There are 2 protein chains.
Amino acid sequence: MTVLKDVSGGVALWRRIVDAIRLDIIGGKLAEGDRLPTEAALAERFSANRHTVRRALAVLADEGVVGAEQGRGTFVRNARRLSYPIGKRTRFREGLKGQASSLASVNISNRLENATATVAKALDIRNTSKVVRLEGMSLADGVAISRSTTWLPYRRFADFAERITRLGSTTETFASYGIEDYARASTRISARHADVEETQLLGLAPGAILLVSEAVDVDADGVPISYALSRFPAERMELVV
Amino acid sequence: MTVLKDVSGGVALWRRIVDAIRLDIIGGKLAEGDRLPTEAALAERFSANRHTVRRALAVLADEGVVGAEQGRGTFVRNARRLSYPIGKRTRFREGLKGQASSLASVNISNRLENATATVAKALDIRNTSKVVRLEGMSLADGVAISRSTTWLPYRRFADFAERITRLGSTTETFASYGIEDYARASTRISARHADVEETQLLGLAPGAILLVSEAVDVDADGVPISYALSRFPAERMELVV
DNA sequence: AATAGTTGTCTAATACATTAGACAAATTGA
DNA sequence: TCAATTTGTCTAATGTATTAGACAACTATT
């Protein structure tokens, strides 16, 4: 058996300090304009060297969350995070309206494939049935806020990809199939580290944390119409139920 | 300005591989008993060295999630994760009933304090009003599944701590104050790395990811009765809306 | 019995993470 | 102006993470 000597957990100390300070800011312990504790004080708080703390602060400064001023201290610059509401009638655009001045959805690729066990179960269709698979991402004010993969039954939504590129919104595309109303049947939420592709597309540092939502939408008759796997950077978004 | 040359993100590659494989298992891509891809194949998938993959597999083996057999391959041993349902009528015990044979809640400490801005806003009371603060954690089948901090207005629930130790469940304790029914007003979900205290109490490897839920419960008249900040290890729990 | 495929172990080299100490540069208040 | 406080920069040492290659040990199949 392999004995694990190390207990660092694979997450660098400077990274944990970044997360902790960001949390203090987002959580309201530190307001915009507040001065952070001195580097020496933070070093003591985290049982770390001042250099390690400085590295963490450099990352936060790079994100625009804090800013250092020589001789004065380090100050909170930007403390905001978007909220994405989840409920029976979850609509992407409406949910974020008012929180960002621009909102863009990008279609990355579409393809036809056979449903895996997971997808088939979610959509309540037979294994290996044909499904349409859409890869996309969305941006708020130019910053990536989600990366999503959506599956729809091919039988019913063969040309969904073309329609959504033409119509823009999901709601309107469903409407074009005669589905005037649809509802969220279930949402499962988990969290994990971003993989390489997500890291690049979302413009995150590798190892960033993602909130993962698996959602099934159903039409008025309760028949599943889509299964979406969305990944939100936890440092930019929170989900509100 | 500090230029960040390095882009490793502070999360070790082996740790990201651990998360990715665990997710494949929990997400159903790999079922119990299935053989994982070979170490060489995994190394290619993650653009990593075989040794790095082996380190990740060693961690998963240590957790009992997978087991390697020389000459044959590495197999999935234990694929289960608990689901915690969140909705209008969220009740801790009922939600997890049937998923675990034993369910324990541990009271860590209680104290009286003045509400911070965040707590005051959630409970809709004045800043620095007195609040009761309860620290607790819960275990399913002996494994820690949550660490929670709950605040209640002192004016109404002065002896909440004593009553809940006597009565056991939250629902019954509220009932003892004449609150026969209560509902979830809002739940905000985010994610972050566990800090040192959480790591120890929950028995996690440092750097583990937590799902953080901030929930406000209200009585029948819509008056806030509690504000709870719960932290769930993402590797053991998922939240279902 | 031979072979191909798989995990287990070892050595070694290189890059990243963390600590340590010293001093410079800017700011603030006495 | 002086002194204390704070961030900025540099050098150096040590331990962790990652890669690389080679070979042993075990399993299943031919």
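Keep in mind the model is a prediction, meaning the values are calculated, not measured. Chain A is the first sequence line, chain B the second, and so forth, proteins listed ahead of strands; every chain is numbered from 1.
For A12(A), whose side chain is taken as the heavy atoms from C-beta onward, the closest listed nucleotide among dG8(C), dA17(D), dA17(C) is dA17(C). Here the side chain of W14(B) is nearest to one of dT7(C), dT7(D), dT18(D), namely dT18(D). The side chain of R72(B) sits closest to dA28(D) out of dA28(D), dT7(D), dG8(C). For L13(A), counting side-chain heavy atoms from C-beta on, the closest listed nucleotide (dT18(C), dG8(C), dT9(D)) is dT18(C). Here the side chain of A68(B) is nearest to one of dT7(C), dT19(D), dG8(D), namely dT7(C).
Taking only side-chain nitrogens and oxygens, R55(A) comes nearer than 4.0 Å to OP1 or OP2 of dA17(C).
Distance L42(A) CG to dG8(D) P: 13 Å, rounded to the nearest Å. The separation between N49(B) atom CG and dT9(C) atom P is 17 Å, rounded to whole Å. One atom, CZ of F75(A), and another, P of dT6(D), lie 11 Å apart when rounded to the nearest Å. Distance R15(A) CZ to dA17(C) P: 11 Å, rounded to the nearest Å. Taking atom CZ of R54(B) as the reference point, atom P of dT18(D) lies 16 Å away to the nearest angstrom. For the pair L60(A) CG and dT7(D) P, the interatomic distance rounds to 14 Å; values are reported in whole Å. Whole-Å rounding puts the E39(A) CD to dG8(D) C1' distance at 8 Å. Regarding E44(B), its CD atom lies at a distance of 13 Å from the P atom of dT6(C), rounded to whole Å.
Salt-bridge check for R192(B) with E238(A): failed, with every basic side-chain N at 4.0 Å or more from each acidic carboxylate O. Using a 4.0 Å cut-off between a side-chain N of Lys or Arg and a carboxylate O of Asp or Glu, K130(B) and E113(B) do not qualify as a salt bridge.
At the heavy-atom level, A48(B) lies under 4.0 Å from the strands shown only through sugar-phosphate atoms.
Looking at which nucleotide of DNA chain C each of G71(B) and E69(A) is closest to, the 5′-most match is held by G71(B). When each of T52(A) and T74(B) is assigned the nucleotide of DNA chain C bearing its nearest heavy atom, the one mapping closer to the 5' terminus is T74(B).
Under the side-chain contact (heavy atoms from CB on, under 4.5 Å) rule, L60(A) has a single partner from T74(A), V76(A), V65(A), which is V65(A).
When all heavy atoms are compared, the tightest approach of A144(A) to L201(A) is CB-O, 4.2 Å.
Note that the CZ atom of R55(A) and the CZ atom of R50(A) stand 16.0 Å from one another [nearest 0.5 Å].
With hydrogens and angles ignored, a donor-acceptor pair closer than 3.5 Å exists between the side chain of H51(B) and the base of dA20(D). The base of dG8(D) sits within donor-acceptor range of the side chain of R50(A), with an N or O pair under 3.5 Å.
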